[in-house]
Amino acid sequence: MRFDTLLIEHRDHVAHVTLNRPDKLNALNLPLIEDLRAAAAAVDADPDIHAVLLTGAGRAFSAGADITHDDLFQGTARSSGEDIGARLRDHFNPMVSAWHDLRVPLVVAVNGVAAGAGMSLALLGDIVLAARSATFMQLFAPKLGLMPDLGSTFFLPRLVGTARAKGLTLLGDALSAADAERWGLIWACVEDQALTRESEAIARRLAAGPTQAYKRIKAVFNREPAGTLPEQLDLEAVLQAELADTHDFAEGVLAFRAKRAPNFSGN
């Protein structure tokens, strides 16, 4: 599948997806939003894909929503508020849900600034790595008089706590990749020249792993609101029972007993 605003390459059971508007710092316009939504659907429908790696072309991951073009914020609604609300409900939010609900692990490599909606997009990753020179910024309020969207109000408090989430969104200060790692916002901060190598290695490692287990692990961690402990224990029992009937579990037991590395098939 070809896209106007994305590059997609499929190798070693990994879908490499690259935001491809480098001249606009990969700002999110409607074509890119729709391409991202379609790409997520294509990935989910391809059983040969076991992991996804998402990054940005050029010197930025994404500078956020592209507010320089009328197609993003002006439509047929009676007010800007009505139009923005409709765009979020009809375009942005379905894209966020599609990437959040992927059946396979999503690795995100933040190669530069991730600002506003671009930061929200980055936080959809199951494992997020960032180059040491990368920065994260919540610019909605201080720059535009808006509040965070695309899931930032959901992810930020869960990742860094309410106090830090409020500070990031109210002040809009840049957060370095090193501090993002220290705060628990991302998995790892790596040297710039190592970002591609490290993120690809993790994606390949996940692609070679037990896909059915990863799918259920994501489902448990993404469950919201979190249930009580008895409810969570019941859910774990149901999902674990499903996994115990998979080929990968049988292979894992055999490999463990033979003291060798397992050869998972994803089934």
Side-chain angles (χ1 to χ4, degrees), residues 19 21 24-29 32-33 36 54-56 58-68 72-73 80-81 84-85 87-89 91-93 95-97 99-101 106-192 195 198-199 218 221-226:
L19 309 177
R21 300 187 72 215
K24 300 295 184 180
L25 299 181
N26 298 316
L28 304 174
N29 62 358
L32 178 51
I33 292 297
L36 280 167
L54 176 66
T55 192
R59 59 191 178 91
F61 177 75
S62 174
D66 189 348
I67 62 173
T68 64
L72 192 62
F73 291 109
S80 295
I84 289 175
R87 295 300 170 105
L88 286 172
R89 288 188 296 271
H91 300 280
F92 281 71
N93 292 351
M95 180 276 292
V96 170
S97 295
W99 281 89
H100 179 256
D101 297 337
L106 171 61
V107 179
V108 175
V110 180
N111 52 305
V113 65
M119 179 174 173
S120 302
L121 180 63
L123 297 184
L124 289 171
D126 299 304
I127 296 179
V128 182
L129 294 87
R132 188 166 298 279
S133 64
T135 55
F136 297 84
M137 289 182 284
Q138 288 286 316
L139 299 178
F140 297 93
K143 292 294 185 181
L144 297 171
L146 295 174
M147 62 173 284
D149 54 23
L150 273 67
S152 272
T153 61
F154 177 83
F155 294 111
L156 275 177
R158 295 180 64 170
L159 291 168
V160 301
T162 302
R164 281 175 165 165
K166 285 182 178 179
L168 285 171
T169 57
L170 293 173
L171 300 174
D173 293 343
L175 183 70
S176 70
D179 283 340
E181 179 189 68
R182 183 170 58 85
W183 286 16
L185 184 72
I186 63 174
W187 172 249
C189 166
V190 301
E191 298 304 322
D192 287 24
L195 179 65
E198 295 286 345
S199 58
K218 288 186 59 167
F221 278 104
N222 290 344
R223 187 170 179 246
E224 184 64 28

Please set out all donor-acceptor pairs under 3.5 angstrom arising from side-chain atoms of residues 181-190, sequence neighbours excluded.
unit_1, atom_1, unit_2, atom_2, d
Glu181, OE2, Cys189, N, 3.0
Arg182, NE, Asp179, OD1, 3.4
Arg182, NH2, Asp179, OD1, 3.1

List, one per line, each side-chain donor-acceptor pair under 3.5 Å for residues 141-154, sequence neighbours excluded.
unit_1, atom_1, unit_2, atom_2, d
Ser152, OG, Ser120, OG, 2.6
Ser152, OG, Gln138, NE2, 3.2

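- Under the 4.5 Å side-chain criterion, counting only non-hydrogen atoms from C-beta, Leu121 is in contact with Leu19.
- Within the structure, every pair that satisfies the salt bridge (charged side-chain N to carboxylate O under 4.0 Å, His left out) test and touches residues 112-139, not counting sequence neighbours, is listed here: Asp126-Lys218, Arg132-Glu191.
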Please evaluate residues Leu124 and Val108 with respect to the criterion side-chain contact (heavy atoms from CB on, under 4.5 Å), reporting the C-alpha separation (whole Å), side-chain torsions for both, the decisive distance (0.1 Å), and the verdict. CA-CA 8 Å; Leu124 289 171; Val108 175; 5.8 Å; no
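- Summarising the geometry, atom CG belonging to Asp101 is positioned 11.5 Å from atom CG belonging to Leu106; distances are rounded to the nearest 0.5 Å.
- Here the shortest heavy-atom pairing between Phe61 and Ala109 reads CD1-O, 3.7 Å.
- Shown here are the side chain to side chain donor-acceptor pair (under 3.5 Å) partners of Ser62, two or more places apart in sequence or in another chain: there are none.
- Ser133 is linked by a side-chain contact (heavy atoms from CB on, under 4.5 Å) to Ala131, Asp192, counting only residues two or more places apart in sequence or in another chain.
- The two atoms that bring Ala134 and Gly112 nearest to each other are CB-O, 3.3 Å, heavy atoms only.
- Leu129 contributes atom CG, which lies 7.5 Å from atom CD of Glu198 (distance to the nearest 0.5 angstrom).
- The shortest distance between side-chain heavy atoms of Asp66 and Arg21 falls below 4.5 Å.
- Atom-to-atom distance recorded for Leu36:CG and Met95:CE is 5.5 Å, nearest 0.5 angstrom.
- Qualifying side chain to side chain donor-acceptor pair (under 3.5 Å) partners for Arg59, counting only residues two or more places apart in sequence or in other chains: none.
- Here the shortest heavy-atom pairing between Arg158 and Phe221 reads NH2-O, 2.9 Å.
- Evaluation of the salt bridge (charged side-chain N to carboxylate O under 4.0 Å, His left out) test over residues 113-125, restricted to residues two or more places apart or in two chains, returns none.
- Listed by first then second residue, pairs satisfying side chain to side chain donor-acceptor pair (under 3.5 Å) with a partner in residues 163-173 number zero, not counting sequence neighbours.
- Within the structure, side chain to side chain donor-acceptor pair (under 3.5 Å) pairs that include any residue of residues 106-118 comprise Thr55-Asn111 (at least two apart or interchain).
- In this structure, Ala177 and Ala130 approach most closely via the heavy-atom pair CB-CB, 3.9 Å.
- Residues passing the side-chain contact (heavy atoms from CB on, under 4.5 Å) test with Ala63, sequence neighbours excluded: Leu25.
- Between the CG atom of Leu139 and the CG atom of Leu171 there is a distance of 12.0 Å, given to the nearest 0.5 Å.
- Expressed to the nearest 0.5 Å, how far CG of Leu168 lies from CE of Met119 amounts to 5.5 Å.
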